[in-house]
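Order of the sequence lines fixes the chain letters, A, B, ..., with proteins taken first and strands second; residue numbering starts at 1 for each chain. Just so it is clear, the structure is predicted and the values come from calculations on it, not from any experiment.
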Amino acid sequence: MMLYLAKDKLDVFFEKASEKLNVYVPVDNTNGSAYRKWTPGTVVSKGLHTTKSAKDFFFPQTENLVEFKMSGKAIEIIDPRRETEDYAVFGVRACDVRSFGILDKVFLSDPVDTYYKNRREHGLILGLSCGRPAETCFCGTFGIDAAEPMADVDFTEADNGYYIKANTEKGEAFVASLGDIFEDRDAAPAEEAKAKTREVLKKLPLSNLTTDGFGGDKLDELFDAAGWADLSEACIGCGTCTFVCPTCQCYDIRDYDTGHGIKRFRCWDSCMFSDFTKMAHGNPRLTQKERFRQRFMHKLVYFPANNDGEYGCVGCGRCLASCPISMNIVKVMKKLAKEDSGK
Amino acid sequence: MQVNEQFTPTIVAFCCNWCSYAGADLSGTNRLQYPANVKIIRVPCSCRVNPMFILRAFQRGADGVIICGCHPGDCHYTTGNYYARRRTTLLFSMLDYLGIERNRTRVEWVSAAEGAKFAATMNDFVAQITELGPNRRLEDLRCRK
Amino acid sequence: MQEVMKKRAIELLSDGTVAKVIGWMPGEFSYDMTPAVFTTAEEIESNFVYNDFCGANVSKYVMREQKKASDAKILVFLKPCDTYSFNQLTAEHKIVRENVYVIGVGCDGMADVEKIKAAGIEGITGIESDGDKFIVKTVYGDETIARADALAERCAACKSKKLTVYDEIIGEDGEVVENSGRFDLVAKLEAMSADERFEFWRNELSRCIRCNACRNVCPACTCEQCVFDNPKSGIDQKAAADSFEENMFHIIRAFHVAGRCTDCGECSRVCPQHIPLHLLNRKFIKDINELYGDYQAGDDTESKHPLTSFTYDDAEPSVIHERGNE
Amino acid sequence: MTNETLIPYLGEVTDIRIDTPDVKTFRVLTPDGVKPFEHMPGQCAMLSIPGVGEAMFSITSSPTNREYMEFSIKKCGCLTEWLHAMDIGQQITIRGPYGKPFPVETELKGKDLLFIAGGIGLAPLRSVINYVRDNRENYGSVQIVYGARSKDDLVDYNEIISEWMADDGVEVNLTIDREQEGWDGHVGFIPNFVKELNPDLKKTVLMCGPPVMIKFTLAGLMELGFEKTQVYTTMELKMKCGVGKCGRCNIGDKYVCKDGPVFRFDELDELPDEY
């Protein structure tokens with residue numbers, strides 16, 4: 001048996017949940033979607049992915065770290081943080097759920113990033129299994145099952161409603177707190193829907209992509225691979241791939257002078273930008289080739305080397321859809337693997 | 001927008017060194033009054049005013065920006081203000097297009113002899129901005145005091 | 001067309017006319033071509049593609065290649081709209097024209113996969129052109145879409161199918177399109193109230209993630225160092241931390257290319273957040289046309305840009321304040 | 001203040017010494033007049049002037065100095081220019097200590113040490129040198145090879161002459177790049193000087209200086225018969241967070257701010273050549 005929520009009761013669910021915490025849902029905008037706070041009347045997007053990933057919730061694009069007041073030679077240091085509210089994010093796909101685990105490995109490792117941790121602890125993830133994966137999806141390559149997001153609570157669409165499964169204590173408590181809006185039902189339709197999704201996943205064009213040839217021990221072979229020059233040739237050095245990526249976590253720390261104080265904020269940064277490693281005495285990555293290589297080496301070699309073989313990519317396919325010149329991690333992996341096997 | 005009685009706008013006036021700044025000077029020596037909340041920034045020529053200057057003035061809390069230069073034909077550098085004229089026209093049009101109150105910006109040609117015109121212009125502009133209220137559409141919230 | 005292009009590229013490479021060829025290489029799904037530089041006949045033979053999805057404007061790559069080696073002879077295939085950018089870059093001395101062999105490629109408009117996806121077609125594995133429609137193969141079964149419905153937004157309002165610069169032509173040269181309707185949306189916005197316009201642009205620009213794709217892809221953005229990257233400028237904002245910065249970046253960028261923008265539409269094409277950035281550039285073009293006379297950047301390499309010229313009786317800035325509907 | 005990694009402590013500059021035309025040494029205390037925090041030789045700290053920037057600097061003073069912390073800083077960028085322009089009493093912000101120190105309590109113990117420094121490269125090594133001098137019984141012989149462009153560019157020449165040279169069991173070899181009036185010491189570049197000195201192969205080398213000096217000196221040491229496992233250096237890359245998260249100083253699977261800045265050359269060999 002499984003808990004079930006009829007589709008026409010989804011709004012009731014959001015309303016009930018909103019009494020306890022802020023609920024964010026994907027909402028359509030021009031040719032894409034983004035998370036918005038649910039309010040009565042909000043229409044939930046039916047799309048597969050939000051344009052940006054859900055990492056914003058824990059690691060926002062910009063965030064104030066600390067403020068300074070300057071007077072003469074003296075400085076006053078102010079911690080600007082306020083209490084974080086509890087919130088839930090609905091409609092998170094399996095790939096994005098996995099990405100949070102990857103971000104955790106960075107931000108929750110010693111020394112813990114308290115800004116991130118705070119948001120993470122206040123957030124509840126409501127996963128949604130995929131029904132119609134896109135051609136750009138390759139989560140299977142990284143061992144992710146699009147039918148089982150493994151979030152705090154998983155929603156599976158079937159039988160004109162959602163089948164609900166809590167995977168964590170936090171999720172269970174949340175489901176229990178909503179009381180009787182769910183009904184008990186036989187789980188068979190949910191299993192059927194998942195099986196159907198898995199069938200589609202097998203048919204996807206990138207379903208045969210493997211991580212063979214990549215990993216923490218492949219530094220020497222891959223770093224000097226001939227393919228990087230061709231692959232990076234057309235790269236325009238923008239940050240699109242980085243900013244839509246659910247696992248990219250590099251950041252910059254900058255000061256902004258407001259005229260009556262200094263706000264020190266951090267913001268997303270991209271290793272694809274020419275000034276990423278530029279310092280007073282020079283720049284160790286002078287051309288786009290090196291910057292481009294860094295991004296993919298980090299996901300496919302450096303990250304697994306430091307994290308028990310786990311790759312820094314979840315196969316969500318956002319970069320495939322949004323790169324201005326259609327260069328992406330799949331093309332990189334295929335070309336380098338081909339080169340490697342040709343040796 | 002509700003007009004706040006207490007509202008005293010911050011006005012930034014970019015004045016060309018050769019005409020308008022001298023005009024401001026003359027209005028001062030003639031003891032003509034214009035509000036103290038007009039902050040004059042002296043520039044070598046009205047065409048020195050980069051669109052960025054105007055935006056940054058708004059960012060840092062200006063409620064109105066006025067650019068004053070020599071009358072067309074009288075530019076110390078012969079043609080500078082002709083270029084400024086095209087640039088400011090296009091920029092103002094763009095700001096208007098973005099829905100930012102068009103009356104927050106103005107260009108006036110004020111010669112070195114027009115001290116009275118300078119004071120009158122500033123008084124008029126300050127009144128206009130006071131009526132518009134504080135700049136909210138082109139404001140950097142971090143800079144709000 | 002692809003085969004003719006390949007043949008000419010190989011011929012010109014073989015007879016030494018050029019040393020490099022700028023074209024496209026295939027992607028994974030037949031709609032995701034990547035611009036590429038070829039140096040051998042074998043590479044072209046096996047990896048050169050040209051189809052309805054090669055919309056990227058490659059004129060800026062000529063500049064990049066010349067920066068690496070200024071005297072290398074380069075072959076580039078340019079669509080009509082790309083030729084305008086090419087001319088503009090030549091006029092600004094960013095491209096050495098003598099070292100480029102331009103093959104103009106006739107164009108009837110490029111397709112945009114976003115439009116196909118927006119029509120609800122998912123899981124695309126292959127797209128075949130079939131007369132006035134596309135047959136789209138997907139994991140959920142085959143679909144068809146009319147070519148007109150898959151046409152990129154910018155191509156639907158094409159300003160010109162005329163090749164303004166070429167050494168030879170493949171396909172057919174076209175004409176400047178009269179009444180292209182490209183200013184319709186701008187005019188619609190102008191007719192709105194200031195509040196509506198503000199609302200419209202906040203909604204669009206607030207999605208900006210400052211990935212810089214619009215800037216980096218823009219053939220008019222050729223500064224050695226952008227003011228937004230220069231730590232000494234005081235506005236080297238890396239992220240749009242405030243709504244003001246979202247506005248400023250796009251106003252300044254549009255202003256800096258005003259008069260030089262050829263309206264190629266790359267900025268809107270590459271925006272991952274689908275912000276209609278071309279509407280900013282088109283506003284400037286429309287204003288310039290109305291205030292200072294019709295001007296098309298990249299028409300030729302001689303005429304003076306409207307912002308580096310003037311007439312004695314230009315309109316006063318006050319014309320803006322005297323317009324209708326506040 | 002809190003123990004938040006990204007929120008700095010307050011520091012106050014209590015003394016500024018002009019060492020060379022472009023190097024000044026800043027003494028930093030907390031506003032209460034105590035040392036900001038404890039560290040080990042080779043570790044770094046993030047110094048910042050709010051509104052100007054934040055950057056990583058190696059701590060020049062030795063941990064055995066219980067009273068204050070010192071930073072020798074060369075003027076070369078935006079922040080350092082600001083630091084050079086400030087007066088005594090100026091408050092700054094400081095956070096740290098960051099990075100892995102020289103292994104003074106493990107691998108270096110009991111060893112004969114050879115320090116090779118070029119220009120401002122003496123800054124991180126000075127901390128080790130003074131630490132070793134203060135714990136003399138734990139280490140063997142100490143030889144210091146230090147070179148700069150000119151006599152005026154030798155950082156804190158005073159301490160070198162009056163303290164290091166006066167120490168028993170510390171050999172100091174100085175060199176400058178070009179002949180100069182009032183200089184009767186060695187003239188020549190460091191790589192060649194090291195070869196001329198022909199140090200004992202048993203020594204462990206700690207080296208820091210401009211990349212080109214490191215490159216040629218290392219080659220020279222290899223020629224003499226040293227092993228890469230005997231040579232340590234300390235690196236510099238752009239850093240923002242200092243705790244291995246912002247990704248800027250990432251080379252291979254290492255983060256220079258966390259896994260470095262001190263590396264042994266055989267460890268560096270395993271990293272991609274991107275520094």
In terms of heavy-atom proximity below 4.5 Å to chain D, should E67(A) be classed as side chain, backbone, both, or neither?
neither

Which one of C246(D), C76(D), P211(D) has the most heavy-atom pairs closer than 4.5 Å to chain A?
C246(D)

Please state whether the side chain, the backbone, both or neither of D252(A) comes within less than 4.5 Å of a heavy atom of chain D.
both

Answer with side chain, backbone, both or neither: which region of F68(A) has an atom nearer than 4.5 Å to a non-hydrogen atom of chain D?
side chain

Nearest-0.5 Å distance that lies between atom CG in N250(D) and atom CE in M297(A)
10.0 Å

With a cut-off of 6.0 Å (strictly less than), are more than 12 heavy atoms of other residues, nucleotides or ligands near CD of E105(D)?
yes

Residue from I75(A), D257(A), I262(A) scoring the most non-hydrogen pairs under 4.5 Å with chain D is I75(A)

Selection from R254(A), Q249(A), K263(A) maximising heavy-atom pairs under 4.5 Å formed with chain D
Q249(A)

Which portion of E236(D) sits near chain A, non-hydrogen atoms under 4.5 angstrom
both

For atom NZ of K334(A), is the number of surrounding heavy atoms from other residues, nucleotides or ligands below 6.0 Å larger than 12?
yes

For G252(D) and L219(A), work out which heavy atoms get closest and say how close.
CA-CD1, 4.2 Å

Looking only at C249(D), C241(D), P31(D), G77(D), the option with the highest number of non-hydrogen pairs under 4.5 Å against chain A is C241(D)

Atom group of N307(A) that falls short of 4.5 Å from chain D, counting heavy atoms:
neither

Contact origin within I92(D) toward chain A - heavy atom pairs under 4.5 Å:
backbone

Once rounded to the nearest 0.5 Å, what's the spacing between atom CE of M46(D) and atom CD1 of I253(A)?
6.5 Å

Can you tell me which residue among K240(D), R248(D), K238(D), K245(D) is in a salt bridge (charged side-chain N to carboxylate O under 4.0 Å, His left out) with D269(A)?
R248(D)

Side chain to side chain contact (heavy atoms under 4.5 Å, CB included) between Y302(A) and I251(D), worked out:
CA-CA 9 Å; Y302(A) 308 155; I251(D) 309 176; over 6 Å; no

Correct closest heavy-atom pair for G247(D) and C250(A) would be CA-SG, 3.6 Å

Is V106(A) in contact with chain D via its backbone, its side chain, both, or neither, using a 4.5 Å heavy-atom distance?
both

Go through the steps to decide whether L65(A) and I7(D) satisfy the test side chain to side chain contact (heavy atoms under 4.5 Å, CB included), and finish with yes or no.
CA-CA 7 Å; L65(A) 295 175; I7(D) 299 184; 5.7 Å; no

Report, as yes or no, whether the 6.0 Å neighbourhood of atom CZ on F142(A) holds more than 12 heavy atoms from other residues, nucleotides or ligands.
yes

Evaluate side chain to side chain contact (heavy atoms under 4.5 Å, CB included) for Q91(D) paired with K73(A), printing each intermediate quantity in order.
CA-CA 6 Å; Q91(D) 292 194 334; K73(A) 289 178 174 176; 5.5 Å; no

Between S48(D), A55(D), C78(D), G244(D), the one whose heavy-atom pairs under 4.5 Å with chain A are most numerous:
S48(D)

To the nearest 0.5 Å, atom CD1 of I77(A) lies from atom OH of Y9(D) at 10.5 Å

Which bit of F223(A) is near chain D, if near means a heavy-atom gap under 4.5 Å: side chain, backbone, both or neither?
side chain

Using a 3.5 Å distance criterion without hydrogens, assess whether the side chain of D253(D) forms a donor-acceptor pair with backbone atoms of A305(A).
no

Who wins among C248(A), P284(A), P111(A) for the most heavy-atom pairs under 4.5 Å with chain D?
P111(A)

With only heavy atoms counted, which part of F107(A) is less than 4.5 Å from chain D, the side chain, the backbone, both or neither?
both

Between CG of D110(A) and OG1 of T5(D), what distance do you get to the nearest 0.5 Å?
9.5 Å

Give the intermediate values and the outcome of side chain to side chain contact (heavy atoms under 4.5 Å, CB included) for residues M239(D) and M279(A).
CA-CA 9 Å; M239(D) 298 172 193; M279(A) 48 191 160; over 6 Å; no

Can you tell which part of R295(A) gets under 4.5 Å to a heavy atom of chain D, answering side chain, backbone, both or neither?
neither

Under 4.5 Å heavy-atom distance to chain A, tell me which part of V52(D) shows up: side chain, backbone, both or neither.
backbone

Find the distance between CD1 (I49(D)) and CG (D255(A)) and round it off to the nearest 0.5 Å.
10.5 Å

So does D308(A) have more than 12 non-hydrogen atoms from other groups sitting under 6.0 Å from CG?
no

Please classify the contact of R266(A) with chain D as side chain, backbone, both or neither, using a heavy-atom distance under 4.5 Å.
side chain

Shortest non-hydrogen pair, R264(A) vs P8(D), comes out as NH1-CG, 4.2 Å

